[in-house]
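These notes are about the structure you will find just below.
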2 protein chains.
Amino acid sequence: MTDEVDRLVADWHRERGDLDLSAVEVFSRVGRLARHLDLARRKAFSAHGIEPWEFDVLAALRRSGEPYRLSPGQLLRETMVTSGTMTNRIDRLAERGMVRRLPDPADRRGVQVQLSATGRRAVDAAFEGLLASEHQLLSGLSGRDRTTLAGLLRTLMAPFDSPAD
Amino acid sequence: MTDEVDRLVADWHRERGDLDLSAVEVFSRVGRLARHLDLARRKAFSAHGIEPWEFDVLAALRRSGEPYRLSPGQLLRETMVTSGTMTNRIDRLAERGMVRRLPDPADRRGVQVQLSATGRRAVDAAFEGLLASEHQLLSGLSGRDRTTLAGLLRTLMAPFDSPAD
DNA sequence: CAGTGTTATCTTGACGTCGAGATAATGGAG
DNA sequence: CTCCATTATCTCGACGTCAAGATAACACTG
């Protein structure tokens with residue numbers, strides 16, 4: 001059983017037999033898989049009328065728990081985007097009625113982004129759809145394999161976790 | 001040992017204890033890891049004065065072997081971008097002297113993109129740098145673990161491989 | 001060989017993100 | 001108090017990508 005990446009590695013090996021390509025076997029698959037997952041995510045969300053970037057913001061608010069309120073600064077750290085991008089995202093989500101901007105009572109520079117009831121319904125439905133879709137994709141792996149995979153990925157993530165991120 | 005994703009899952013579990021979050025353990029890590037890898041890739045390439053998108057195109061030409069010549073259509077299929085994007089990329093690579101556009105002798109609609117000597121030197125150096133960087137990131141895993149991980153990822157990729165991709 | 005659907009590439013306009021900088025408020029040091 | 005470095009958010013211009021459509025050439029059909 002060979003896949004895209006096996007062919008990629010075979011090509012490189014033919015051209016550059018002097019190089020150790022073992023890293024490519026892992027990282028190229030991570031990259032491609034992430035790409036396919038993005039598409040699957042987009043598809044799962046489209047059934048609920050939301051975009052991946054919308055989900056990212058709404059989900060951060062949703063999982064922060066009651067009262068579903070975070071500052072733009074907290075949101076941009078959760079979602080790994082710049083402040084300009086977050087301003088734009090909040091604008092568009094507010095236009096759609098998914099969130100509201102409230103003044104921060106303790107800091108007049110600050111703003112609180114409040115998830116609306118509409119937004120909460122949307123993000124809950126979208127998340128359930130996403131889980132169903134991802135569950136499908138995982139069906140090829142046993143429970144034991146899933147745990148192994150999650151563990152190996154966590155190990156790989158470790159260097160990126162806290163330091164100067 | 002807990003990571004970002006453990007915290008994410010814990011948050012969701014507190015808010016939505018009714019849902020099975022095992023898929024998140026895997027896919028959220030794949031997505032985040034891919035993001036960090038993109039940054040690491042960008043950093044590794046910057047030492048050689050090229051951008052990730054440049055590498056993607058040049059590497060496709062390089063690993064195709066002599067005479068390092070592919071059509072824009074082949075390139076866009078290799079790199080998973082649209083035709084408009086590829087036209088733009090070839091334009092910029094040609095400006096930098098990394099590739100040349102040649103007419104396709106067999107099809108007057110067609111074009112052949114030819115890797116230049118400069119382009120070949122650049123992509124070879126960049127690839128070596130990338131492998132060194134990725135080797136570092138893999139150092140936390142034993143050879144056995146790497147093989148296991150690559151295998152599990154390949155299994156996950158299988159549904160995406162040939163069908164209507 | 002005329003007609004027609006397909007293929008290959010390029011063009012265009014809209015969109016989302018980034019990076020740098022602007023604005024405004026805060027909090028600590030002297 | 002007054003400075004001043006820091007923090008929070010927003011603004012603006014540039015850039016890369018995409019989607020849709022334009023153009024041109026090919027290849028099959030009758």
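Remember, it's a predicted structure, so these values are computed and weren't measured experimentally. We name chains A, B, ... by the order of the sequence lines, and we start the count at 1 in each one.
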(request) Can you tell me the distance, in whole Å, between the CG atom of L102(B) and the C1' atom of dA8(C)? (result) 16 Å
(request) Report the residues that fulfil ring-ring contact (aromatic ring centres under 6.0 Å, His included) with W53(A), sequence neighbours left out, ordered by chain and then residue number. (result) none
(request) Supply the atom-to-atom distance L37(B) CG to S28(A) OG, rounded to the nearest 0.5 angstrom. (result) 10.5 Å
(message) Could you check whether E128(A) pairs with R16(B) (Lys NZ or Arg NE/NH1/NH2 to Asp/Glu carboxylate O, under 4.0 Å)?
(response) yes
(message) Need the bend value for the helix from dC1(C)-dG30(D) to dG30(C)-dC1(D): angle between end axes, 5 pairs each end, nearest 10°.
(response) 10°
(request) Walk along DNA chain D from 5' to 3' and tell me the first and last nucleotide with an atom closer than 4.0 Å to a non-hydrogen atom of chain A. (result) dT7(D) to dT11(D)
(request) Sort and list the pairs that fulfil salt bridge (charged side-chain N to carboxylate O under 4.0 Å, His left out) and have at least one residue in residues 65-79 of chain A, not counting sequence neighbours. (result) R63(A)-E78(A)
(message) I'd like to check the side chain to side chain contact (heavy atoms under 4.5 Å, CB included) partners of D3(B); sequence neighbours left out, ordered by chain and number.
(response) R154(A), D161(A), V5(B), D6(B), R29(B)
(request) State, with a plain yes or no, whether a side-chain heavy atom of V26(B) is found less than 4.5 Å away from one of L156(B). (result) yes
(request) Rounded off to whole Å, could you give me the CE-to-C1' distance for the M86(B) and dA8(C) pair? (result) 13 Å
Just the table, please: protein N/O against nucleotides 25-28 of chain C N/O, every pair under 3.5 Å.
residue	atom	partner	partner atom	Å
dA25(C)	N3	R109(A)	NH1	3.4
dT26(C)	OP1	R108(A)	N	3.3

(request) Hey, could you give me the CD/CG distance between E25(A) and L138(B), rounded to the nearest 0.5 Å? (result) 10.5 Å
(message) Let me confirm one number: the CZ-CZ distance from F55(A) to F127(A), rounded to the nearest 0.5 Å.
(response) 5.5 Å
(request) Tell me, please, which residues at least two apart from P52(A) pass side chain to side chain contact (heavy atoms under 4.5 Å, CB included). (result) R41(A), R42(A), F45(A)
(message) Restricting to side chain to side chain contact (heavy atoms under 4.5 Å, CB included), what partner residues turn up for S64(A), sequence neighbours left out?
(response) L70(A)
(message) Please list all pairs meeting salt bridge (charged side-chain N to carboxylate O under 4.0 Å, His left out) that have one or both residues in residues 102-111 of chain A, counting only residues at least two apart or in different chains.
(response) D107(A)-R109(A)
(request) Check side chain to side chain contact (heavy atoms under 4.5 Å, CB included) between S139(A) and all other residues, then give those that pass, not counting sequence neighbours. (result) none
(request) I would like to know whether R14(A) and D11(A) meet side-chain contact (heavy atoms from CB on, under 4.5 Å); could you show each step before the answer? (result) CA-CA 5 Å; R14(A) 173 173 39 72; D11(A) 282 350; 2.9 Å; yes
(message) How long is the straight-line distance from CG of L75(B) back to CD of Q112(B), given to the nearest 0.5 Å?
(response) 9.5 Å
(request) Under 4.0 Å from any atom of DNA chain C, heavy atoms only: list the residues of residues 67-78 of chain B that qualify, in numerical order. (result) S71(B), P72(B), G73(B)
(request) Nearest 0.5 Å please: distance from the CE atom of M157(B) over to the NE2 atom of H36(A). (result) 4.5 Å
(request) Using a 4.0 Å heavy-atom cut-off, write out nucleotides 12-18 of chain C from 5' to 3' as B (base contacted by protein), S (sugar-phosphate only) or - (no contact). (result) ----SBB
